[in-house]
Structure formats: C-alpha cells, structure tokens
Amino acid sequence: MAAPCRDLTGLRRGLAAARLAPGRRGANKLCLAPFHHRAPPPQQQQGRRRQRQGLKVVAAISEDLPRLAAPGTGKGAPEGRRPEKVLVRAALTVRRKHKEDLKEALAGHLDALWDMVGRSVALELISTKIHPRTKKPLHSGQASIKDWCQKRGVKGEHVVYTAEFMVDSDFGEPGAITVANRHHREFFLESIVVEGGLPCGPVHFACNSWVQSTRELPGKRVFFSNKPYLPSETPPGLRELRDKELKDLRGDGTGVRKLSDRIYDYATYNDLGNPDRGKEFIRPILGGDNIPYPRRCRTGCPPTDTNMLAESRVEKPHRIYVPRDEAFEELKQGAFSSGRLRAVLHTLIPSMIATISAETHSFQGFHHVDNLYKEGLRLKLGLQEHLFQKIPLVQKIQESSEGMLRYDTPRILSKDKFAWLRDDEFARQTVAGINPVSITRLTVFPPVSKMDPAIYGPPESSITEAHITGQLNGLTVQQAVDEAKLFILDYHDVYMPFLDRINAIEGRKAYATRTILFLTKAGTLKPIAIELSLPPSKAGEPRPSKVLTPPADATSNWLWMLAKAHVSSNDAGVHQLVNHWLRTHAVMEPFILAAHRRMSAMHPVFKLLHPHMRYTLEINALARQSLISADGVIESCFTPGPVSFEISAAYYRDHWRFDLEGLPSDLVRRRVAVEDASQPHGIRLLIEDYPYANDGLLLWSAIRSWVESYVQLYYPDAGTVQSDDELQGWYHETVHVGHADIRHAPWWPSLSTPGDLASILTTLVWLASAQHAALNFGQYPLGGYVPNRPPLMRRLLPDPERDAAEYATFMADPHRFFLNAMPGVLEATKFMAVVDTLSTHSPDEEYLGEERDEPWTGDAAAVAAHDMFTADVRRAEEAIDSRNADQRRKNRCGAGVLPYELLAPSSPPGVTCRGVPNSISI
C-alpha cells in the first residue's frame, strides 16, 4: 500500500501533483496526476539531463518526477491519435553486505566496469492490461539502471538505483517488473517503487530476493506488485506470468540442485545416515510405507556408493541446498556462525581434555558443574586467550597466563540455585518449563498401556492405590480422579519398544517412565509416584518395574533423585525428538514447500503465511547436516542415541494429528482442559495456574482474530474457497505429497469454507510462532544446568539383587554415583554449547505482531487488520507481565520462582528466555 504523503525513507515531500483516486479493494490510494511528454529542444534536453544528474533519487514518491516531462494534451487529444508518451521511473533498493571479502570486492569492481560498457541490470515493466489486438501483455521495453557504476563507492547498507521508461499514457498499471542481472554476481533486491505519469500512482514491489546473474541462471526474474489477487481476479496481463513463475519454482523433479536455484521440491529423509562410512552410520529412511514421516526439501544429491536409496551427505563446512531466498541473510548468518563457532570451541576443550585424561570423563562433584559457569574449563593446552575474545557473548576471563572459557549461568540457577532439588520445582516445570505440552490428566487408575500385551506383557501399570493414597490430602484415589486432581507424564509406550536397543549402547541406560502428579489446593503440582519399567525378558511376561514414592530417609532420597533424573531424561528426549523437532520443524516443512510451489506471491494467503515461513527450510537443512544426522548432536547427547528418530517417526505414525495441533484442541486432547462456551477462549483449564496454557491462549486468540479478519477480506463464502485453484492445490499437495504416508487419515480437516481456511491457517501460524518459541528458547536458560534436566543417563538405579557391588558403591558414595549416572563432561558441555546456540535470538529476528515497515500488501483493509493484530499482541504482552507479578500465581511468581516469559512476544537479541519470532528460524 502506498504510504500517504511520505516516501519510504520517512522524508516528507510536497505532493502538489498528487490526487486521490478511487479504486477497488486493495487499490493504491495515492495517485499522481498523469503527465505527457514531448521531446524538448536540444538545449533544454541538456539542461534537464544536468538537472536529473544532480537529483538525489530515493525509492520514494517524488514531487520532482512530474517536472521531468512537459505537459501534453492528455484527455483532450483527438480520437484515433497515437497515445502520448509518459516518463516513468523505477527506484530499486538494493541491500549490500556489511562485509565483503576480497573476492566479492573484486567482483563488485568488475560489475561496475561491465556496467559502464553496457552489461548492466535491465528492467522491463509489464502492465496488468493486454494489447487489444494481440491479446498479449503490454510491455514497456527494457530500461537499464543508470547509476550502478556511479554508486559503487556509496557507503551504507542500502543503495537506491534508478531506471526510466517511456511508456504510452494508456499503458495501465504496472503489475509486474522483470529484472535481468547481466553482472557477474548476485545482488539482494529489497524493493522497487515505480512512479511517474500514470494514473495509478506509485506501485510498490516487495521483492526481498536474490537476483542471480544471467550467467548463472539465464532468463529474467519477475516480481509482482504488492497488490493481492486471487487466481480468478488476476488481471489479464499477469495471468501467463503468474502460471510461469509457479512452474519455474516447482522445477521438473530432476537433477542436482545448485545453491543459486529457486526450486522447491520434496524428498524423504534419506540423508541422515552415511553408509559409506561404515555400518554403524547406516540409518533407516524416514518417509515411505515402512517408516512414515513428513517430507523435506529435495537437494538432488547423488546416492551413496553403498546404498542407492540413501542420498550422499553434504558435510560441514559445505553448504547444503535450500532455495536461494530461504538461506539466512547476513545478520542471521553471522549470529548463527558465531554461535556455532562458540559451540565448537566449547566442545573442543572437553574433547581435548577427555583425550588426555580419563579422570575428566565424569564430573567429580556438583562444584565442578558450577565451575563451568564460575571459572570455565581450564586450558592447559597452549590455546591463546585472544582466540576467544572475538567471540560474542563469551565472557573473557583472565587468570595469570592461563586461558579459560566459561558458560553463561543458566537462568534456572539465577533466583534459587537449589530449586531444582525440590519436588515442587520438578512438578512446576511440567507446566512452565521447556516441555509444557506432555502433561495429561489421569482419567483411569491404574494407568494402562496401549501396547500389545502378547509382546510387552500385562498393560496395567505397577502403581497401586497403596503407593499414592497417603499423598492425596485425604481423598481416595477415585475421588482424586473424579475431581481432576491427578495428572501424569506418561512416556511408557514411547520408550518401551526401543529400550533393549538403547540399553545395549555403551554408556546409555533408560527406563520407560510414568510419573503421577497431584494438584494441591494451592494450585501447584507435586510428584507422588514414579514408575520405572524395563522390557520383559520374554514376550508376554510381566515387565520388570520399580515404583518409587517421595522419600522418607537418606537412601530413598537419593533413589528418588535418580528416578526424577530418569524421568527428566525421558522428558528431554520426547521434548526434542517429538514436541520440538517433529511437531514444529518437520511437520511445517511440507506446508512451506507446497505454499511456494502452488500459491503465487500475489496470492493473499501466501502473503499471510510468508513471514511465518522465514528461514525454516534453512534451519531444517542445517539440522539434517549436523543435529539429527548419524552421530550428530542429538544422537551424541540424548539417551536414545541412534534410535532417536525412530522414536520421532513412531509418534508421527501413531499419534500426530494436524486437527489437534491447535492449542485449544491439544489442551482438550490431553484432558487438561474441557470445552466451555462461557469461557473467553471456549475452554476451561483444569490446572488454573498453567503458565504455558494461560499465556498461549492469549496469543492463540490474537492469531485467530487476525486470521479470521484477513480471510473474510477475500473469501466471503464457501464458493470462493472451493473455486480457488491455487489454494486447493496448496492444501492437496501438502497432504498428498508432503504428508503422503498419512494422506488417507480420516482426521485431515476439509478445506471447503472460510471457517475451514481460517482454522488451518491459525494452526499453522501458531505452530510456526508461539508453539515453537515455547519449546525452543528456554533450552539453555532452563535446561543448561544438566543435573536439573539430564538429556542422557548412563546408569540404571542401583539394585542389590541385580548387582550387589554396584549397590555397595552407591551406598558408600551416593553423590558420586548420581554424578556418574549423569552425562559426562564431554556430553554435557557439547549439549550445553548447542542448546545455547539454539536458544539465541538473532539481531534480525522478526517477532509476532510487530509493525511491518515494508508495504507487504497493497490492500489497506489488510493493513488495518494487521494493525489490530499488533494491538492485540501488545495487550497480551502486558497481561503476561502482569501475571508474572501476581503472587497468587505460584507457578510463575514467588520466592526463587522464575517468571514465565517464553510466550512474551518481544525480545532483544541473545539468550533471553522470551520472545516469539514469526517463524521457526532457529
């Protein structure tokens, strides 16, 4: 939408020639009076050339432009007379890199030289109209950027270049512009503003795209104006271009992708393993009939030498393919790279120490864990301290001539260093921690497994009424169930099928856990029983299991601590493999791929989704490269190890349902809420002080209102939804190709009405923004202290019958036994370094509800609806701040209790434990 009476840089200019023009919904409201052009005398031409050379051009509405052409006869021209020519200017805003290496600097100078000899950047306007005789779109003819060479030395991040066109006065509104980059290197084009002697007024093109050299990708790039069009409303002059652009983005499904390509296509996860390195690096293919899984972006890499079905890997530091415009921009790449370098250095040090001395494999005491934050890991290996001074966010420490590197203190230790030891804090983290989406209300006692009893034995839990009756404040077990006082973390069925393989791995030990929690009168939770189960020794036999209850003496206290650690380890695995990776990162990727393949950039739904797709393909590709790959960070640092993503795939196959991924539906599914039309959000929480749900519902409501308002602008009835070929193609391809393995599931929502569309889009925006933020940005602040939440366990509980010597060791030194059961120094520091990077907001983060500076749409009604959304999000943030100061809310306010800010929308850069970006960007 044109910004009235101001240019894009905020500099006000006189607009005496401006007038308001009526138009359809979404038309630009600011128009310039038309002007006509006749060639002036040569002397006057030279004067005007000098005038234009001295004119500072910005990507703006300019009062100077009409004076560049003489007035014509306009509407007074006799019929049959050829249209007069009018002068139109395009102002292109190009973003330059902050830093250029020598090669890039030389290429820039070379481009300037090429520009001088005519190898310039060429533009062409395309009208929304077609020629009445040929029925082809009206073209302006090519015009070159005039001032590329002259502005080579201009300082600053943004440079504005200009090109001028002479077009017929009846050319119509420019609806598209083509760009041919005849230089040697790509450039990043932020926007184009076309203004001049056309009745439509200034036309904005929000580009935000890399334009490749025609030497790299022959052909022209096309950009459409910011005016949204449903497919059926596409102006005649743009229809062919709209279809061609989508066809180009889809590609033909063949060939190896180049980093400069802009092709979106699908593939299975057949690149996690590396069979050419050895059988220990073989991993199953995720996706297909055998192991259902969402699809990922296709790279076209050739197969491995030893398995034609497995794709060869692109290892660091080489870049893995994503469509060019999906790659991190410079600020984001710089922040991510510095975080990755910091992680490498953090990991390098304990790796070196572990190589030199076996004594450092385990922490020798809690004070050694604390020293990671107080003193760091001592380097007696000749590493120079100046190496670390250049790394952001890492504190410099000096001690004589000895260098060291320390970790930032996790927020979980900031208010009460010993809070993690308490049962109430263990329980509080189930509703206000890193993984607040697993807790479920218990409706049947004892809990029952859904696994095949012929294989896994009797389905009933070993927890009995005798175990918990004394913990229920005088209630019977049935009364506690009926009054919604009992809740459960149930990881039994998630882990049980994989335990034999996990426990066979050296240095890995796990149980399938169940934890029952009781809701107290104070509104807080407390754990009252933990069940630790192992697989039966023979199919169908009872499972070996232990049931522990809150301790009564020193020995039972240490055993209880170990049991809670195993529960936390189960929880950490489910959080990372299922709730975080699968239910946000992986399931969103097919929706994003299909959006680019099936919906034009002009489509209003694409415009709505666009900010919520930013960087997701890139971060997912980087995850495949180093996080979720064979022997990657997840396998190295989490208990399930090589079977990690089989656990993720099993959940997708058995439990994931898109129709239940919206917040209210998920809360009802987990029975922590019931439907209640009298409540503001249509549900009533059964845990009233549930910070994740309380704050999430505020953001869910704001997102839903915004999406519904936006959808109503374009889809007044079911017919408009059903007849939108691009919209229907997007959803059909997402389900039938992107989620092909479960495409026949009966629960997929239909897309037939505006309500259906609003519901689907609300869920997608929620998953990409608030849900991901709640699960991601607390990883280091709340999980960086490993004893509080060990991602990996190395020992089972001591058992005098199974191993009398081990039990004697435990009794003699329970403190050492506990630490030896935790991750070792190498695993712990590697985990801490990685989640520190993953918890970091980059400087260019775009947050939910932020005001949008660029003219992302030409529809004034859509802009107004987004302004309402911005106000709703601000009110939600104020409410969250107020709740964190309310002492009645004991799960987020109290002595030593951390406030819950993971769903507070705004944040500065860095590790802040707050902030809701628009998209899954890390």
Side-chain angles (χ1 to χ4, degrees), residues 335-347 349-350 363 369-374 376-377 391-395 405-417 419-420 425 429 432-436 568-569 571-573 575-577 579-581 584-585 619 622-623 626-627 632-634 636-638 692 772-792 822-823 825-843 845 898-904 907-917 920-922:
F336 187 80
S337 296
S338 88
R340 189 150 70 174
L341 176 59
R342 185 170 69 251
V344 167
L345 290 170
H346 271 113
T347 306
I349 298 159
F363 291 105
V369 183
D370 295 343
N371 284 345
L372 293 175
Y373 319 113
K374 292 179 181 179
L377 286 164
I391 305 173
L393 307 178
V394 176
Q395 301 176 14
L405 183 64
R406 80 181 185 190
Y407 293 79
D408 295 324
T409 301
R411 198 177 183 201
I412 192 71
L413 302 178
S414 64
K415 297 190 74 172
D416 185 348
K417 179 180 176 180
W420 68 276
E425 175 62 18
Q429 291 182 28
I434 309 167
N435 186 35
S568 294
S569 179
D571 187 74
H575 162 258
Q576 200 67 265
L577 304 173
N579 295 333
H580 179 205
W581 168 258
T584 61
H585 286 261
I619 196 61
L622 291 171
S626 58
L627 292 181
V633 172
I634 299 298
S636 300
C637 297
F638 288 82
Y692 158 78
H772 178 258
L775 295 167
N776 182 75
F777 292 102
Q779 289 190 82
Y780 186 79
L782 305 182
Y785 184 65
V786 169
N788 170 60
R789 188 179 171 79
L792 179 152
M822 297 283 111
V825 174
L826 178 57
E827 295 95 348
T829 52
K830 188 175 187 178
F831 167 77
M832 291 162 59
V834 170
V835 296
D836 180 40
T837 300
L838 298 181
S839 302
T840 302
H841 291 293
S842 69
E845 202 84 88
L898 291 177
Y900 185 77
E901 296 181 308
L902 286 170
L903 289 174
S907 174
V911 180
T912 63
C913 203
R914 63 175 291 137
V916 180
I920 301 167
S921 58
I922 191 67

Worksheet item: Does a side-chain heavy-atom distance below 4.5 Å link Leu775 with Asn435?
Response: yes
Item to complete: Return the minimal non-hydrogen interatomic distance between Leu902 and Gly433, and the atom names on each side.
Response: CD1-O, 3.9 Å
Worksheet item: Does some side-chain heavy atom of Val369 sit less than 4.5 Å from a side-chain heavy atom of Tyr785?
Response: yes
Response to the item:
In this structure, CG of Leu627 is separated from CG of Leu838 (nearest 0.5 Å) by 6.0 Å
Practice prompt. Measure the spacing between CD of Gln779 and CZ of Phe831 and express it to the nearest 0.5 Å.
Written response: 7.0 Å
Item to complete: Start with the C-alpha distance between Glu425 and Asn788, add both sets of side-chain angles, then the distance that settles side chain to side chain donor-acceptor pair (under 3.5 Å), and finish with yes or no.
Response: CA-CA 10 Å; Glu425 175 62 18; Asn788 170 60; over 6 Å; no
Worksheet item: What's the spacing between Arg411 CZ and Arg914 CZ if we round to 0.5 Å?
Response: 8.5 Å
Response to the item:
Nearest heavy-atom approach of Ala773 to Gly915 is CB-O, 3.6 Å
Practice prompt. Run the numbers on Ser636 and Glu827 for side chain to side chain donor-acceptor pair (under 3.5 Å), then give the verdict.
Written response: CA-CA 7 Å; Ser636 300; Glu827 295 95 348; over 6 Å; no
Item to complete: Check whether any side-chain heavy atom of Leu782 sits under 4.5 Å from a side-chain heavy atom of Cys913, and report yes or no.
Response: yes
Worksheet item: Can you find a heavy atom in the side chain of Pro823 that is under 4.5 Å from one in the side chain of Cys637?
Response: no
Discussion item. In terms of relative ring orientation, are His580 and His772 parallel, tilted or perpendicular, with 30° and 60° separating the classes?
Written reply: tilted
Item to complete: Measure the OG1-CD1 distance between Thr837 and Ile922 for me, rounded to the nearest 0.5 Å.
Response: 7.5 Å
Worksheet entry | Any Leu413 side-chain heavy atom under 4.5 Å of Tyr373 side chain | yes
Discussion item. So does Asp836 get a backbone contact from the side chain of Ser839, meaning a donor-acceptor N/O pair under 3.5 Å?
Written reply: no
Worksheet item: Do Asp416 and Leu898 come close enough that some side-chain heavy atom pair is under 4.5 Å?
Response: no
Worksheet item: Distance from Leu372 atom CG to Met832 atom CE, nearest 0.5 Å?
Response: 4.5 Å
Practice prompt. Give a yes or no answer on whether the side chain of His841 reaches the backbone of Phe777 with a donor-acceptor pair at less than 3.5 Å.
Written response: no
Discussion item. Quick check for you: to the nearest 0.5 Å, what is the distance between Ile412 atom CD1 and Trp420 atom CH2?
Written reply: 11.0 Å
Discussion item. Are the side chains of Met822 and Phe363 in contact, using a 4.5 Å heavy-atom criterion?
Written reply: no
Practice prompt. Verify the ring-centre separation between Tyr407 and Tyr780: is it less than 6.0 angstrom?
Written response: no
Practice prompt. Might you work through the side-chain contact (heavy atoms from CB on, under 4.5 Å) test for Ser921 and Glu845, ending with a clear yes or no?
Written response: CA-CA 8 Å; Ser921 58; Glu845 202 84 88; 2.8 Å; yes
